[in-house]
Amino acid sequence: MVKKRKSFSINKSLSKGLEETMHAAEGYSGELFVDVVPLERLELDPENPRELSISMDEIRRGIDSEDAQLKRKQSELESLSSLSKSISNQGLINPVVVYKNGDNYRLVAGERRTLASLVAGKKSIQARILDSKPNTLNRFILQWAENIEREDLSLWERLSNIKSIVSAYAKTHEKVVTRITAAELSDLIGISSSQAAQYKVVLQGSDDLILAIQEDV
């Protein structure tokens, strides 16, 4: 007997809200101005969890053939090719977000665009420059605003972003995560109250639901 797989339907409205989200992020980001930053002066923030394993130096110099993560890094490099071609042909449409760190700049949001620009052979990159290093909550909100633009962003990646925001918000305001309201979440990430309520329900859903979302069932 073939076991029937469980399936879950998530409302499409969970994917909306980009414009409102960008307005919400502006309230947390501090002063921003756009400039062109030399890529040789741009570095990844060690306190910022990374999505990819491949480093900027490995893109510049090549991946060590003895690297234990060689296949993964080669796959990541291949995944950047489409974006790098777009940057070569059309330029960078959406600047990355950085803050000044001594004579260099540290990346807050836009890891894929930065690495793809290196793959494309670019020497500089357009960046929104913050006047200071954002705190944890502000950083997660800025990353949410950046990530929501990605067409390939999965529901699980969205939920992970929101979970990080909610956790940081709860810690900052000394609140229990489960007691954060849909209205508060709506204000935080710039979406409607109904969308926020749906996200909240999914985040507090059963283990089966969370597992299905992780596995993209």
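It should be emphasised that the depicted structure is a prediction, and the values quoted were computed from it without experimental measurement.
- Note that CD of Gln74 is 9.5 Å distant from OG of Ser65, once rounded to the nearest 0.5 Å.
- Under the rule for a side chain to side chain donor-acceptor pair (under 3.5 Å), Ser79 has no partner lying at least two apart in sequence or in another chain.
- Linking Ile, Leu, Val, Met, Phe, Trp and Tyr residues whenever their side-chain heavy atoms come within less than 4.5 Å leaves Ile125 and Val36 in two separate clusters.
- Of the inter-residue distances, the one linking Leu42 atom CG with Glu40 atom CD reads 11.0 Å to the nearest 0.5 angstrom.
- A donor and an acceptor atom, one from each side chain of Arg128 and Asn94, are located under 3.5 Å apart.
- Annotation: side chain to side chain donor-acceptor pair (under 3.5 Å) contacts of Thr181 (sequence neighbours excluded): Glu184.
- Judged by distance alone, the side chains of Tyr99 and Asp131 never bring a donor and an acceptor atom under 3.5 Å apart.
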**Request:** I would like to know whether Leu39 and Lys123 meet side-chain contact (heavy atoms from CB on, under 4.5 Å); could you show each step before the answer?
**Result:** CA-CA 6 Å; Leu39 278 166; Lys123 301 298 181 184; 5.9 Å; no
Donor-acceptor contacts, no H, no angles, side chain residues 103-111, under 3.5 Å, sequence neighbours left out:
| residue | atom | partner | partner atom | Å |
| --- | --- | --- | --- | --- |
| Arg106 | NE | Glu43 | OE2 | 2.8 |
| Glu111 | OE1 | Glu51 | N | 3.2 |
| Glu111 | OE2 | Arg50 | NE | 3.0 |
| Glu111 | OE2 | Arg50 | NH2 | 2.6 |
| Glu111 | OE2 | Leu52 | N | 3.4 |

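- Within the model, atoms CG of Asn135 and OG1 of Thr172 stand 6.0 Å from one another, a figure rounded to the nearest 0.5 Å.
- Partners of Arg179 by salt bridge (Lys or Arg N to Asp or Glu O under 4.0 Å), not counting sequence neighbours: none found.
- Under the salt bridge (Lys or Arg N to Asp or Glu O under 4.0 Å) criterion, Arg72 pairs with Glu76, sequence neighbours left out.
- Looking at Asn89, its side chain does come within 3.5 Å of a backbone N or O of Lys85 through a donor-acceptor pair.
- In this structure, the separation between CG on Leu80 and CG on Leu115 is 6.0 Å, given to the nearest 0.5 Å.
- There is a path of hydrophobic side-chain contacts, each under 4.5 Å, that joins Val119 to Leu70.
- A distance of 10.5 Å separates CD of Gln126 from CD1 of Ile93, quoted to the nearest 0.5 Å.
- Looking at Ser81, its side chain does come within 3.5 Å of a backbone N or O of Glu78 through a donor-acceptor pair.
- Taking every heavy atom of both residues into account, Ala168 and Phe140 meet most closely at CB-CD1, 3.9 Å.
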**Request:** Decide yes or no on side-chain contact (heavy atoms from CB on, under 4.5 Å) for Lys100 and Leu130, but give the supporting numbers first.
**Result:** CA-CA 7 Å; Lys100 199 77 185 291; Leu130 297 170; over 6 Å; no
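- The shortest non-hydrogen separation linking Val202 to Ile210 is O-CD1, 3.4 Å.
- Taking Leu185 as the reference, Ile162, Val166, Ile189, Ala196, Tyr199 meet the side chain to side chain contact (heavy atoms under 4.5 Å, CB included) condition, with sequence neighbours excluded.
- With Ser160 contributing its side chain and Trp156 its backbone, the two residues share a donor-acceptor pair below 3.5 Å.
- Every side chain to side chain donor-acceptor pair (under 3.5 Å) that Asp67 has, sequence neighbours left out, goes to Lys73.
- With sequence neighbours left out, Ser86 forms a side chain to side chain contact (heavy atoms under 4.5 Å, CB included) with Gln90.
- The two residues Ser167 and Val177 have their closest heavy-atom pair at CA-CG2, 4.3 Å.
- For Lys171, there are no side chain to side chain donor-acceptor pair (under 3.5 Å) partners two or more places apart in sequence or in a different chain.
- Under the side chain to side chain contact (heavy atoms under 4.5 Å, CB included) criterion, Val201 pairs with no residue, sequence neighbours left out.
- In terms of heavy atoms, Ser88 sits closest to Ala120 at OG-CB, 3.3 Å.
- One distance of note links CG of Leu159 with OG of Ser164; it measures 11.0 Å at 0.5 Å rounding.
- The minimum heavy-atom distance between Val96 and Val98, with the atom names listed, is CG2-CG1, 4.0 Å.
- Among residues two or more places apart in sequence or in another chain, the salt bridge (Lys or Arg N to Asp or Glu O under 4.0 Å) test is passed with Asp57 by Arg60, Arg61.
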